[in-house]
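Each chain gets a letter, A, B and so on, in the order the sequences are listed, and its residues count up from 1.
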Amino acid sequence: MKFDWQGNTDTGGSAIVAQPERYDAVPFVNELLIDGRPRVVSGDRFAVAAALAFGQETSGSMDLPFPLAPATAQAIQQFLHPTWVNLTPIEYVPKALPIGINRLHLTVDGAAAQPIGNTFDKQRTIHFDLRRSDRYAGQLMSLDHHVVVSNAWMFGEPDSKRSLCAALAVAVLFAESLQVDAIEFPALMTRPDGLTDSINALLQSCRLALA
Amino acid sequence: MTTQMDVSVVIGFKDWGINRLRMAVQTIQRSFGSLAGEVIVSDYGSAEHAETKRAMEEAGAVYVYTETDGVWSRSRALNAGFAVSSGRVLVSTDADMIFSPKSMEIVGKAILANPDLALVLQCRDLPEGYSDVELAGRTIDWRLLERVSRMRPRWGMGGMMAASRARYLEIRGLDERMEIYGGEDIDFANRLRRAGARLEWVVDDDVRMYHMWHAPSRKIASETAQGRKAIELNSKIHVEDKSVIRNTVNWQHRPADAELPVSVVVSTYNRASYIADSIRSVLAQSMPDFELIIVDDGSTDATREVVESFRDERIRYFYRENAGIAAARNFAASVSRGRYTAVHDDDDIMLPWRLEKHLAALRPGHHGSYGAWVDFDDETGEMNLLPGKDLSLGSLLTSGRVYLHPTMMIATEVVRRLGYDESLRSGSDYNLGIRMMRSGIRLNHTGYVHTLRRLHSGQITETDSVVQHTSAVLTQTMARVPMSTVEFRALHKAHSKTPPKALGERQEVLASVADYLPGHLVRRAAVVRCETAETVSLPDELMLADRHILEHDWDGQLISQIGVFEEVGLDRVSALQDAGMAVEVDDPSAATSRDKVTLMAIDAMVTAGRRSWGAVDEPVLVFASSKNLDWVKHVVDKSFPGAEVHQRLLSDEDALMFVLCVGGLPLESLENLSISASTRDLTLRSWIDFSGDTDDLAALLSSTPEKEVVK
């Protein structure tokens, strides 16, 4: 799968675009569209987001627009196992990973979130609510909330692994801009299939974690 | 389907050694492990098959035999096997492969765990000395085979492919146009990918497929002209045809649980006067595998009676309390059985190729397709071609006439998930278009006209235009929210002048679709030809033809028929197509004369390559053609002194000649003529009955403007 990052689409947002190659399945939708633009995205986090959104269709190679660290590449390979995937380009010069201190509380379509009570002496939690692109448009932000519209919901049925991973991909893309260290995703935590462990290992490779 | 199997393995073959087949079957059976599996041996037209059937059934395989015209097609053979299969995982392989003990269990479990996976396996060639003869009766030493075998040097798909049943049904099997073999596997694999299956090679030491040695057969196939032609066609198909779904017009080996590719959805409200035309146009589609869902949104007129007057099992009629067109369409999506939904309106005409073109135009990553349309005035018949434009959020926001909703076919899953906004009284279709674009849904233009849109005073655009406009503005405003003014200006500049799709010369396009206008605007005539003995038995429909020509051989056996219809409605077209006959439609813009229709029939005989003589309605003769017209005329004059001869030259070599004999014509005269003619290069092969008026025929020939010869 060949990936491209469109940080400024002509319709006012950003997008990960996946171009399937010879052995890849053609994704149901090949663009992860977002009505907003992350201020900055590291190569490692972009790769993790791409693997979350399009890993299920990938077979053979992931050709990324930015270099990624060997550790991130290895984590993605493990995440996609048993499918064999080769990632390029690998970054051979050590580079710092972004450091965050905030917690991101991810919900989909305004699902009931825990009350956000940020105070000066506690870790800040930002309620990141992902809305459906067919019902809403744009984004809205305060220091406590960030509502972003995306087509992540089109990646699969509600609460399916596909759509949850796509939603998480959007959160990973915004993590650096929001100075995030850990992501709470209640919809994911209720799944019994061990998905959280493999996702946590994947996020760890780009200095994030599931909270 | 009986017991649901986990895995069905199909071996397709023709005229193949029983011993080799038996070995293949037995090794596969042993490799199912804990899975429930079946091996289906699909014999595609072997000359001798009783012994094979017995041997395969003894071996515990399911044996399927298909009568053929002698042409081998691996694609069709495999489909014939899958048609009787019940496995959730379908595996294709060849008759000369043996499998190591855990192979099918591992392959089957992988796909059962992930139905979006397709697996291929590269075979290992066994050397000379390891043919079925040498291997038979021995305990197979798999470690030895591993050592002596070599990976097949030709890196292709041949040997084994496995996919979920759901994916197989979705893309409608292997492409049945392909004959002999070569390319069918890779084409099938590529279509699985396009449909969303990830393709993987099996890399597992416990999964091995060994090719039993035998003399190569590909060389043999490519040595014949027919074989080379078939292999070239296969290559062309898999290289050039990027479509996903095949066998749309006719899937010969269709499994009983095959899904419907398309649901045509019509929502209607008090359109009893128009909906019959609309339904007829759907039933006349060249692609017959669809359902027609009609949602009656609370009509108070005779809509129900009109719909129920159609006797077609594909029609599903639902009556609901009036809730608006958006709610009706959402309801249709909720009951739809088709993978795709083709939207159609109750007052429009769907052109007969529409569904076929929709499916052929499906491309990877697209969720449907749309096409051009023609507006026609329901009173005057005046037409206006509207080609449509490239569909994108940019074009929808900045340009008009991009698409017409009733030219669209959309994945039903998309319709269900997005849904029409039921709060919008009108304009919900444009709203859906914008929301689809914002959600990553992509549709491509088929390059064809799909729909004739009837312009009349009762249209929504006429009666509810203010609400429609308001809905559109609101939808656009929402879609523009993420964009700055500068960005929208750039978008406007890029898309506002999006050109209409190029469809060809406007007048030619209009002429090609005018045939299908409603009956009160045009007159249609059709000539229906039926050539072979097998299809001579025609339905009553043809026997009701306004006139017909029956061609007999000299033993009186009917060998072909031509029926002539002077007034063809879309319902008749449909009935004739159901009988397997193509319908040619005459120029609809001019009033069709009886003479002209007769001439069409005769021309149809000539263009079909008839070189026959025949009697038309006893007193008249037809000479279909000759290479020596002067000589023919001489023979005719001599055989029928005093007869009136009319001749119409078709070319320098071909002519039609009609001989009118007063007082009737005995068949012996024809026989005499035959004897005379056969001394030269003509042979009397058949004679013709014509049910029409001979005066018309004579007048027709007499009035032929050029090269007329009248004795």
Side-chain angles (χ1 to χ4, degrees), chain A residues 1 8-37 53-60 80 82-85 131-140 148-158 161-163 166 193, chain B residues 110 113-114 116-118 120 167 189-201 203-204 244 363-367 392-394 397 411 413-414 416-419 421 431-432 434-442 475 477-484 486-488 490-495:
Chain A
M1 195 82 77
N8 294 291
T9 66
D10 62 357
T11 50
S14 56
I16 297 178
V17 181
Q19 181 77 38
E21 297 186 304
R22 285 181 181 269
Y23 286 88
D24 303 314
V26 175
F28 187 67
V29 286
N30 75 333
E31 293 172 298
L32 179 63
L33 300 168
I34 307 162
D35 276 0
R37 292 159 176 162
F54 297 103
Q56 185 157 313
E57 288 85 12
T58 302
S59 179
L80 299 180
T83 301
W84 179 84
V85 175
R131 297 290 175 116
R132 287 172 56 142
S133 53
D134 66 324
R135 294 180 186 164
Y136 301 91
Q139 58 179 333
L140 185 67
V148 179
V149 174
S150 163
N151 73 337
W153 71 280
M154 276 304 295
F155 279 59
E157 293 293 321
K161 177 184 170 185
R162 292 292 288 114
S163 65
D193 54 9
Chain B
N114 181 5
D116 288 333
L117 187 62
V120 286
R167 288 292 184 202
N190 277 327
R191 290 192 292 119
L192 286 169
R193 277 196 331 102
R194 292 172 201 155
R198 196 176 63 219
L199 193 59
E200 285 186 16
W201 288 88
V203 182
D204 189 318
V244 182
R363 291 292 179 271
H366 285 84
H367 307 85
S392 66
L393 185 57
L397 288 176
E413 180 186 348
V414 170
R416 286 193 189 121
R417 296 198 63 197
L418 276 80
D421 189 326
N431 174 272
L432 180 69
I434 291 277
R435 289 160 55 225
M436 285 197 297
M437 295 302 104
R438 280 188 41 74
S439 300
I441 301 304
R442 302 288 174 258
T475 301
T477 303
M478 187 193 87
R480 283 178 54 176
V481 162
M483 297 174 227
S484 68
V486 172
E487 283 168 338
F488 182 72
L491 193 75
H492 192 277
K493 190 176 177 185
H495 290 277

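- Using a 4.0 Å cut-off between charged side-chain N and carboxylate O, B:Arg438 and A:Glu31 make no salt bridge.
- In this structure, OH in A:Tyr23 is found 5.5 Å from CH2 in B:Trp201, a value given to the nearest 0.5 Å.
- By the 6.0 Å contact criterion, CZ on B:Arg480 is open, its count of non-hydrogen atoms from other residues, nucleotides or ligands being 12 or less.
- With a 4.5 angstrom heavy-atom cutoff, A:Asp10 touches chain B via backbone and side-chain atoms both.
- For A:Gln19, no part sits under 4.5 Å from any heavy atom of chain B, backbone or side chain.
- Rounding to the nearest 0.5 Å places CG of B:Asp116 at 12.0 Å from CZ of A:Phe28.
- Residues A:Arg131 and A:Asp35 are not paired through a salt bridge, judged by the lack of any N-O separation under 4.0 Å between the basic side chain and the carboxylate.
- Heavy atoms of other residues, nucleotides or ligands lying less than 6.0 angstrom from CZ of A:Arg22 number 12 at most.
- Contact tally against chain A (heavy-atom pairs below 4.5 Å) for B:His367, B:Arg417, B:Arg442: the top residue is B:Arg417.
- Using modelled atom types, one finds a donor on one side chain and an acceptor on the other under 3.5 Å when comparing B:Asn431 with B:Thr475.
- Proximity to chain A (any heavy atom under 4.5 Å) is shown, for B:Ser439, by both the backbone and the side chain.
- Listed here is the closest heavy atom pair of B:Pro482 and A:Ala137: CD-CB, 4.1 Å.
- Ion pairing between B:Arg193 and A:Glu21 fails under the 4.0 Å rule for side-chain N and carboxylate O.
- Both the backbone and the side chain of A:Thr83 have a heavy atom closer than 4.5 Å to some heavy atom of chain B.
- A:Arg132 touches chain B through its side chain: at least one heavy atom from C-beta onward sits under 4.5 Å away, while N, CA, C and O do not.
- Of the listed residues A:Leu33, A:Leu32, A:Asn30, the one with more heavy-atom pairs under 4.5 angstrom with chain B than any other is A:Leu33.
- Comparing B:Met478, B:Met436, B:Arg435 by how many heavy-atom pairs each has under 4.5 Å with chain A, the most go to B:Arg435.
- Of the listed residues (A:Thr11, A:Thr58, A:Val29), the one with the most heavy-atom contacts under 4.5 Å to chain B is A:Thr11.
- For the options B:Asn114, B:Leu192, B:Leu418, heavy-atom pairs under 4.5 Å to chain A are most numerous at B:Leu418.
- Both the backbone and the side chain of A:Gln56 come within contact range of chain B, with heavy atoms under 4.5 Å apart.
- Heavy atoms closer than 4.5 Å to chain A are found nowhere in B:Ala490, neither backbone nor side chain.
- Ranked by heavy-atom pairs under 4.5 Å with chain B, the first of A:Ser59, A:Gly13, A:Gly138 is A:Ser59.
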